[in-house]
Undergrad: 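Here it is, the structure in full.
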Amino acid sequence: MLRSALTIGALLLGSGAAIAAPDQTIPLGPGSYIYWTSAYEGGSDRYQEQLIAQLDDVQLFKTMNEYSEGDESDYFVLFSGIYFTLCDTEMPTMDERIALSNLWPLTPGAVVEIKSGDGAKIEVGEPTQYFLMGRTHPAHAVSGTYYGDEESSEVLTVLDDVKITVGIHWDEGSKDSAMLVTKPNAVASTEVDTDLIGTCADLWNTETE
């Protein structure tokens with residue numbers, strides 16, 4: 001873990017990215033990068049996500065790792081910090097988006113059923129904590145059950161003070177953990193090239209019509 005942290009620190013210093021202060025709320029916004037470590041049976045890996053743009057309840061991210069395809073499958077949206085949808089799949093309806101937004105403030109036992117796409121069930125679990133960038137943040141466990149040809153599930157860790165997922169426990173036993181978040185880039189553009197983001201383009205097209 002220390003070696004991973006040093007490697008990420010070196011990358012950030014080399015790129016000139018500003019690191020969020022450890023005693024402040026995570027200042028997430030367009031231009032921020034989230035650095036992750038992934039632990040699984042037999043090994044570990046690292047990857048990063050860039051926050052490209054955001055709406056009131058939607059954050060558009062680009063994933064950068066060795067498996068990136070260079071197309072819309074590299075992009076995803078996070079609804080209300082909880083529900084993840086790739087930009088090559090069907091988006092939730094406006095009613096479903098509102099239902100996800102209404103989960104805040106996070107309350108154990110609150111449930112949202114998603115019918116769009118393959119369908120999913122999102123349920124808020126118990127309060128927890130997550131150590132990130134020098135301090136412990138209040139958070140909640142949030143379970144997701146995803147339907148389709150093969151049902152899958154995961155348990156997320158979602159921060160209380162910033163609407164974002166910082167931990168993922170996959171049903172096969174692997175675990176992804178956010179290690180560092182950079183500050184928003186003051187010169188980052190919130191313009192979105194909707195030709196590059198597949199089904200996610202409908203979200204931005206609807207907002208600007």
Side-chain angles (χ1 to χ4, degrees), residues 8 11 15 28-41 43-55 57-94 96-97 100 112 114-122 142-158 163-182 185 188-208:
I8 290 172
L11 288 170
S15 67
L28 187 73
S32 291
Y33 284 82
I34 305 176
Y35 288 80
W36 291 80
T37 182
S38 181
Y40 49 88
E41 184 177 358
S44 63
D45 205 350
R46 292 190 295 272
Y47 62 95
Q48 64 193 65
E49 297 167 345
Q50 181 186 14
L51 178 53
I52 303 296
Q54 60 187 4
L55 304 172
D57 65 320
V58 182
Q59 297 163 324
L60 173 66
F61 285 92
K62 181 179 181 180
T63 301
M64 287 159 279
N65 59 28
E66 60 181 303
Y67 306 109
S68 297
E69 297 290 339
D71 58 21
E72 66 270 14
S73 65
D74 294 340
Y75 296 85
F76 70 91
V77 287
L78 192 62
F79 291 91
S80 295
I82 294 173
Y83 182 65
F84 164 101
T85 307
L86 287 170
C87 289
D88 59 358
T89 58
E90 182 182 357
M91 294 294 106
T93 66
M94 181 56 73
E96 290 167 341
R97 286 173 58 181
L100 288 166
V112 169
I114 304 294
K115 303 297 184 183
S116 301
D118 290 331
K121 177 182 177 181
I122 308 298
V142 177
S143 62
T145 301
Y146 304 91
Y147 310 120
D149 294 336
E150 293 186 11
E151 184 175 306
S152 64
S153 62
E154 63 193 25
V155 178
L156 311 176
T157 301
V158 180
K163 294 181 180 180
I164 189 169
T165 295
V166 291
I168 309 171
H169 286 236
W170 304 95
D171 59 0
E172 76 274 15
S174 61
K175 178 181 178 181
D176 290 6
S177 303
M179 297 178 62
L180 189 145
V181 180
T182 67
N185 187 336
S189 172
T190 57
E191 291 293 323
V192 177
D193 186 344
T194 53
D195 291 334
L196 299 178
I197 58 172
T199 52
C200 293
D202 290 341
L203 300 171
W204 271 264
N205 289 337
T206 300
E207 289 288 325
T208 57

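If you read the sequence from its start, that first residue is 1, and numbering goes on from there.
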Undergrad: So how far is it from Thr165 OG1 to Leu78 CG, rounded to the nearest 0.5 Å?
TA: 5.0 Å

Undergrad: To the closest 0.5 Å, what do you measure between CG (Asp176) and OG (Ser44)?
TA: 11.0 Å

Undergrad: For a 4.5 angstrom cut-off between non-hydrogen side-chain atoms, does Gln54 reach Leu28?
TA: no

Undergrad: Can you tell me how far the OG atom of Ser38 sits from the CZ atom of Arg46, to the nearest 0.5 Å?
TA: 11.5 Å

Undergrad: Would you say that Ser116 contacts Met91 through its side chain, given a criterion of any heavy-atom pair below 4.5 Å between the two side chains?
TA: no

Undergrad: To the nearest 0.5 Å, what is the distance between CD on Glu49 and CD1 on Ile164?
TA: 7.5 Å

Undergrad: So Ser177 and Lys175, do their side chains get closer than 4.5 Å, heavy atoms only?
TA: yes

Undergrad: Which value, rounded to the nearest 0.5 Å, describes the distance between Ile52 atom CD1 and Gln59 atom CD?
TA: 12.0 Å

Undergrad: Are Thr145 and Glu151 packed together at the side-chain level, in the sense that at least one heavy-atom pair is separated by less than 4.5 angstrom?
TA: yes

Undergrad: Which atom pair, heavy atoms only, marks the closest approach of Trp170 to Glu154?
TA: CZ3-OE1, 3.0 Å

Undergrad: Heavy-atom distance under 4.5 Å between the side chains of Glu172 and Tyr40, does that happen here?
TA: no

Undergrad: Could you label the plane-to-plane angle of the Phe76 and Phe84 rings as parallel, tilted or perpendicular, counting under 30° as parallel and over 60° as perpendicular?
TA: tilted

Undergrad: Take Arg97 and Tyr83, measure what side-chain contact (heavy atoms from CB on, under 4.5 Å) needs, and give me the verdict at the end.
TA: CA-CA 9 Å; Arg97 286 173 58 181; Tyr83 182 65; over 6 Å; no

Undergrad: Backbone N or O of Tyr33 within a donor-acceptor pair of the Thr182 side chain at under 3.5 Å?
TA: yes

Undergrad: When rounded to the nearest 0.5 angstrom, what is the spacing between OG1 in Thr93 and CD1 in Ile114?
TA: 7.0 Å

Undergrad: Is any side-chain heavy atom of Ile34 closer than 4.5 Å to a side-chain heavy atom of Leu51?
TA: no

Undergrad: In the structure I gave you, are the side-chain heavy atoms of Tyr146 and Asp118 within less than 4.5 Å of one another anywhere?
TA: no

Undergrad: Using every non-hydrogen atom in the two residues, find where Ile197 and Cys87 come nearest and quote the distance to one decimal.
TA: O-CB, 3.2 Å

Undergrad: With side-chain contact (heavy atoms from CB on, under 4.5 Å) as the criterion, how do Thr63 and Trp36 come out once you've worked through the C-alpha distance, each side chain's angles and the decisive distance to 0.1 Å?
TA: CA-CA 11 Å; Thr63 301; Trp36 291 80; over 6 Å; no

Undergrad: Which pair of non-hydrogen atoms, one from Ile82 and one from Val142, has the smallest distance, and what is that distance?
TA: CG2-CG1, 3.8 Å

Undergrad: Is there a side-chain contact between Leu203 and Phe79 (heavy atoms, below 4.5 Å)?
TA: yes

Undergrad: Does Thr199 use its side chain to pair, donor to acceptor, with the backbone of Thr89 at less than 3.5 Å?
TA: yes

Undergrad: Looking only at heavy atoms, what is the nearest atom pair of Tyr147 and Ala120, with distance?
TA: CD1-N, 3.6 Å

Undergrad: I'd like to know whether CD of Glu41 has more than 12 heavy-atom contacts from other residues, nucleotides or ligands below 6.0 angstrom.
TA: no

Undergrad: If I compare all heavy atoms of Ala53 with all of Pro30, which pair ends up nearest, and what's the gap?
TA: CA-CG, 4.3 Å

Undergrad: Mark yes or no for whether Ser153, through its side chain, and Gly144, through its backbone, hold a donor-acceptor pair below 3.5 Å.
TA: no

